[in-house]
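Atoms within a ligand are numbered from 1 in the order they appear, just like the ligands themselves. Values below: all heavy atoms of this structure, side chains included; hydrogens, waters and symmetry mates excluded.
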Amino acid sequence: ASCRTSDPSEKCYFNPLPSIPSSTANRSIPWGEPTIHFANGTTCCSSLDEIRVQLDTIDAQLLQLLSTRASYVREATRFKATVADVNVPSRNEQVIQGAVDDAPSVHLPQIVAKSVYEGIINSSVVFEECVFNTYAGNHLKTQPV
Ligand SMILES: C=C(O[C@@H]1C=C(C(=O)O)C=C[C@H]1O)C(=O)O
């Protein structure tokens, strides 16, 4: 991360994004300076391949976290009496707005927090509705002989 306060791209971490005309630049790459600084004094990154290796590792971690989250979403279904109870708009808004509000404190762009959490919530509700609708109780399951 960076410690500077005069980086114009800092505006890109907040909603609404700044209204800026699209650049017509054709830069020689890599432009600028590395923006990731490690404690040992080294920086990242030197190539797009190096960046994508890191992104693949992070995406695998996100997948595992999303799996664990989905397991709790599934469990929540057990506490909903009707399919109409599955979607709780007030709670959805609390989760999404909470992520957007907390994003700057972890230097996450608010536009990323908003879209990702909207996607998580909307897909979780659809998943939970499927869990509710596919529950068959004990009937038609294995019968004692
Ligand atoms: C998990 C729940 O069910 C739904 C899914 C939510 C979620 O994925 O966070 C939040 C609210 C509900 O719309 C819940 O009610 O908490």
Side-chain angles (χ1 to χ4, degrees), residues 1-23 29-145:
S2 171
C3 296
R4 290 180 303 137
T5 52
S6 59
D7 177 355
S9 71
E10 278 306 307
K11 291 184 174 11
C12 304
Y13 285 81
F14 295 91
N15 273 351
L17 291 173
S19 177
I20 299 207
S22 189
S23 175
I29 55 174
W31 51 268
E33 296 296 328
T35 55
I36 297 177
H37 301 266
F38 299 113
N40 65 7
T42 65
T43 62
C44 196
C45 296
S46 301
S47 72
L48 196 48
D49 281 350
E50 184 184 357
I51 291 164
R52 287 175 177 170
V53 167
Q54 296 300 323
L55 290 175
D56 285 346
T57 301
I58 292 164
D59 288 342
Q61 294 170 350
L62 287 172
L63 209 63
Q64 183 56 65
L65 284 171
L66 288 169
S67 166
T68 304
R69 190 184 197 283
S71 71
Y72 282 100
V73 169
R74 173 185 175 171
E75 185 64 12
T77 320
R78 297 182 52 242
F79 297 85
K80 311 289 178 76
T82 72
V83 73
D85 296 328
V86 165
N87 187 21
V88 185
S90 60
R91 172 65 179 168
N92 298 346
E93 196 50 39
Q94 181 184 41
V95 173
I96 294 163
Q97 195 57 50
V100 170
D101 292 346
D102 289 350
S105 69
V106 292
H107 208 235
L108 175 69
Q110 284 185 315
I111 193 138
V112 173
K114 180 169 155 55
S115 289
V116 167
Y117 276 79
E118 285 173 347
I120 288 173
I121 293 291
N122 291 339
S123 55
S124 293
V125 167
V126 171
F127 168 62
E128 216 183 304
E129 288 169 348
C130 182
V131 169
F132 191 97
N133 291 333
T134 53
Y135 180 67
N138 280 332
H139 82 101
L140 298 181
K141 290 248 181 83
T142 54
Q143 302 292 325
V145 288

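- When only interatomic distances are considered, the shortest N/O to N/O separation between V88 and ligand 1 falls below 3.5 Å.
- Using a 3.5 Å distance cut-off with no hydrogens or angles, the side chains of S105 and D102 do not pair a donor with an acceptor.
- Considering only heavy atoms from C-beta on, Y117 comes within 4.5 Å of V95 through its side chain.
- Contact of the F38 side chain with the I36 side chain is registered, since non-hydrogen atoms from C-beta on lie closer than 4.5 Å.
- Less than 4.0 angstrom separates some heavy atom of R91 from each of these atoms of ligand 1: 10 (C), 11 (C).
- Selection from N92, V86, N122, I96 by nearest heavy atom to atom 11 (C) of ligand 1 gives N92.
- Shown in contact with A76 at under 4.0 Å from a heavy atom are these atoms of ligand 1, numbered in order with element: 1 (C).
- Contact annotation: for N87 versus ligand 1, heavy atoms closer than 4.0 Å belong to both the backbone and the side chain.
- With rounding to the nearest 0.5 angstrom, the CG atom of L63 is 13.5 Å from the CD1 atom of I58.
- Every atom of ligand 1 is numbered from 1 in the order shown, and the set under 4.0 Å from a heavy atom of S124 is 8 (O).
- Of the possible polar contacts, none joining the K11 side chain to the P18 backbone as a donor-acceptor pair under 3.5 Å is found.
- Taking distance alone, with nitrogen or oxygen atoms compared against 3.5 Å, R69 approaches ligand 1 more closely than that limit.
- Protein heavy atom at the shortest distance from atom 14 (C) of ligand 1 is K80 NZ, 3.7 Å.
- When each atom of ligand 1 is checked for a heavy atom of I121 under 4.0 Å away, the hits are 7 (C), 8 (O), 9 (O).
- N133 and E129 share no donor-acceptor pair across their side chains, judged by distance under 3.5 Å alone.
- Within the listing of ligand 1, atoms 13 (O) sit less than 4.0 angstrom from a heavy atom of V125.
- The line from CD1 of I120 to CZ of R69 is 5.5 Å long, rounded to the nearest 0.5 Å.
- Ranking the protein heavy atoms by distance from atom 2 (C) of ligand 1 puts E128 OE1, 3.5 Å first.
- For residues 41-59, the side chain to side chain donor-acceptor pair (under 3.5 Å) pairs, not counting sequence neighbours, are N40-T42.
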